[in-house]
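The structure under discussion appears below in the form of structure tokens.
All values derive from a computational prediction rather than experimental measurement. In what follows, every chain begins at residue 1, and chains take the letters A, B, ... in the order their sequences are listed.
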There are 2 protein chains.
Amino acid sequence: MAEPLYRQIAEDLRARIESGELEPGSQMLTEYELRDRYQASRNTIRDALRWLTARGMIEARAGQGTFVSRTIDPLVTVLSDWPGPESARYASESDDNGRAPSVSLVRVEVQEADESLAATLRLAEGDEVISRQQVRYIDGAPWSLQTSFYPRDLVTRGAELLLSARDIAMGADAYLKQELGLEQVGHEDRIQVGPPTNDEARFFKLSDDGRISVITVRRTCYADNDLDVVPYRVTVTAFPADRNQLLVQFGRVPGLISRADGY
Amino acid sequence: MAEPLYRQIAEDLRARIESGELEPGSQMLTEYELRDRYQASRNTIRDALRWLTARGMIEARAGQGTFVSRTIDPLVTVLSDWPGPESARYASESDDNGRAPSVSLVRVEVQEADESLAATLRLAEGDEVISRQQVRYIDGAPWSLQTSFYPRDLVTRGAELLLSARDIAMGADAYLKQELGLEQVGHEDRIQVGPPTNDEARFFKLSDDGRISVITVRRTCYADNDLDVVPYRVTVTAFPADRNQLLVQFGRVPGLISRADGY
DNA sequence: GCAAATTTGTTCGTATGTATT
DNA sequence: CAATACATACGAACAAATTTG
């Protein structure tokens, strides 16, 4: 057997979708109709449909039918211009498409730093950190989930608004500068991609087949400290890969004002 | 039925894997043994295993058995320090793990620009471009696939080595500067994640279930031109998401020398 | 609001094919 | 070649979700 039957059927359907014969959003034949059409068992048809589902080309809705996937217009997040977790500049990132973004209220917790977080923030494992979580919605659908971690120490030193479950109106960066003289001089983003956690799948309403990956951006922000730089915040953002893209700009590029200050 | 049987079984196995009871690399019980163990049919067991496979937790090998996945030590590619497609600095990116990287010979072709490429390089659709393709291996396994596109015009103006199917020893950037005075002043990276194309799946030996996403970085490089900047190269790199991470640094961060020149 | 019809989801049993040891 | 283990394929029945009358 050169190709299994279910793959042949899947390839045939794929060709019809890619040729445009089956339009995005349109309903496909039912499993029983496809069984008759291809002279195969329903289970074999289901294997073929599963193959297409795994590639995001179709989606099945129980009780309704199977539909050709619509392509999502991705939201582009500019990392190099990314102001931080609680900035007012969110709205401007996507309104070029006329979509309505919104940001949830902040959920604030005091947690103990795990090993990885402690190492990044140069704390001891178990030291307390403030976690500030925000959700970003577009047209009412959850789009990204962001959690910032600050050493508890910053509150002790005067940045008490970090414990407030509201947006910091001036932005966290400006606030930390005003209260503590803490100024960001650099940051590092680690980008990794993997299957969603159960929480993420539930939160973003991702199909539970693990098909859609989540892009995780872990940003460490650094402030000046005489000779060295010290980390003062870690921000972890989860972006479902089916609706997000990232953009990074360096130096002089069209549409970006050159910044001579080093970042 | 709160949870389908196959999901209950999958969750039980997942818990055993995550607890360490089933070690990475170890062989799991066979489908028939699991059928007896869980008092379910073999097909239901297979549904449970498929669920775990979709999450990359296990992998089945026909004729051998099913095994708990080993975690791959990811290669971290530093985008902000990424010199370009044909630099000699590749080797230094991963040898901290003692792995052996290598870069394939270049495959050079003259192609016609498609709509997207033409728009980015400010050409007309169908204009000729030079494509230079390279493969990167680590320990003999394909790790990333990179294709750079240059306007054909650059060869006419004197950069004839672009048509040579060998590495440009001094690096493409230095070569273009020497021959044409073309100097990179900025670049933009667009990062997107999606299922592999058939070609990518075959090339990277990804399982054909579409489980592992591919990170695509599309870099546009800009050179100076009096008032404006002009694009002169597009580099598209495909990174299988199971073995790659990206790192982006801005401003002053530990381990990075601050660059005051704007990028 | 309920009942029927439609459609996908889950589960079982069985048989045969293919890859590996 | 034989044994083992996963892969493919078929048929059947019932459950759950959704729409429709």
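- Look at CZ on A:Arg35: it is 11 Å from C1' on D:dC10, rounded to the nearest Å.
- One finds a salt bridge joining A:Glu18 and A:Arg14 here, because a Lys/Arg side-chain nitrogen approaches an Asp/Glu carboxylate oxygen to under 4.0 Å.
- Spacing between atom CD1 of B:Ile45 and atom P of C:dC12 amounts to 8 Å, rounded to whole angstrom units.
- For D:dC6, the OP1/OP2 oxygens have a side-chain nitrogen or oxygen of B:Thr66 closer than 4.0 Å.
- Of the candidate nucleotides C:dC12, C:dT8, C:dT21, C:dT8 has the atom nearest to the side chain of A:Ala60.
- For the pair A:Gln8 CD and D:dT8 C1', the computed distance is 12 Å after rounding to whole Å.
- Heavy atoms of other residues, nucleotides or ligands lying less than 6.0 angstrom from CZ of B:Arg61 number more than 12.
- Per the geometry, CG belonging to B:Asn43 stands 12 Å off P belonging to D:dA7, to the nearest Å.
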Notebook entry, point to check: A:Thr147 and A:Gln133: side-chain hydrogen bond (donor to acceptor under 3.5 Å, both in side chains), yes or no, with the steps?
Noted result: CA-CA 4 Å; A:Thr147 311; A:Gln133 189 170 66; 3.1 Å; yes
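- Taking atom CD of residue B:Gln64 and atom P of nucleotide C:dT18, one finds them 18 Å apart after rounding to whole Å.
- Rounded to a whole Å, the CG atom of B:Asp209 is 13 Å from the C1' atom of D:dA7.
- Looking at B:Arg42, its side chain comes within 3.5 Å of the base of D:dA7 through a donor and an acceptor atom.
- Residue A:Tyr150 holds its OH atom at 11.5 Å from CG of A:Leu163, rounded to the nearest 0.5 Å.
- Note: B:Thr30 OG1 to B:Gln64 CD = 14.0 Å, rounded to the nearest 0.5 Å.
- Map A:Thr44 and A:Gly63 each onto its nearest nucleotide of DNA chain D; the residue landing nearer the 5' end is A:Thr44.
- Distance from the side chain of B:Leu5 is smallest to C:dC12 among D:dA7, C:dG9, C:dC12.
- For A:Arg46 and C:dT7, the CZ to P distance is 14 Å, given to the nearest whole Å.
- Between A:Arg7 and B:Glu33, the residue whose closest nucleotide on DNA chain D is further toward the 5' end is B:Glu33.
- Listed pair A:Ser41 / D:dG11 fails the phosphate criterion, with no side-chain N or O lying under 4.0 Å from OP1 or OP2.
- Contact check, A:Arg61 against C:dT8: no side-chain N or O comes under 4.0 Å of OP1 or OP2.
- Atom OH in A:Tyr6 sits about 13 Å away from atom C1' in C:dT18, given to the nearest Å.
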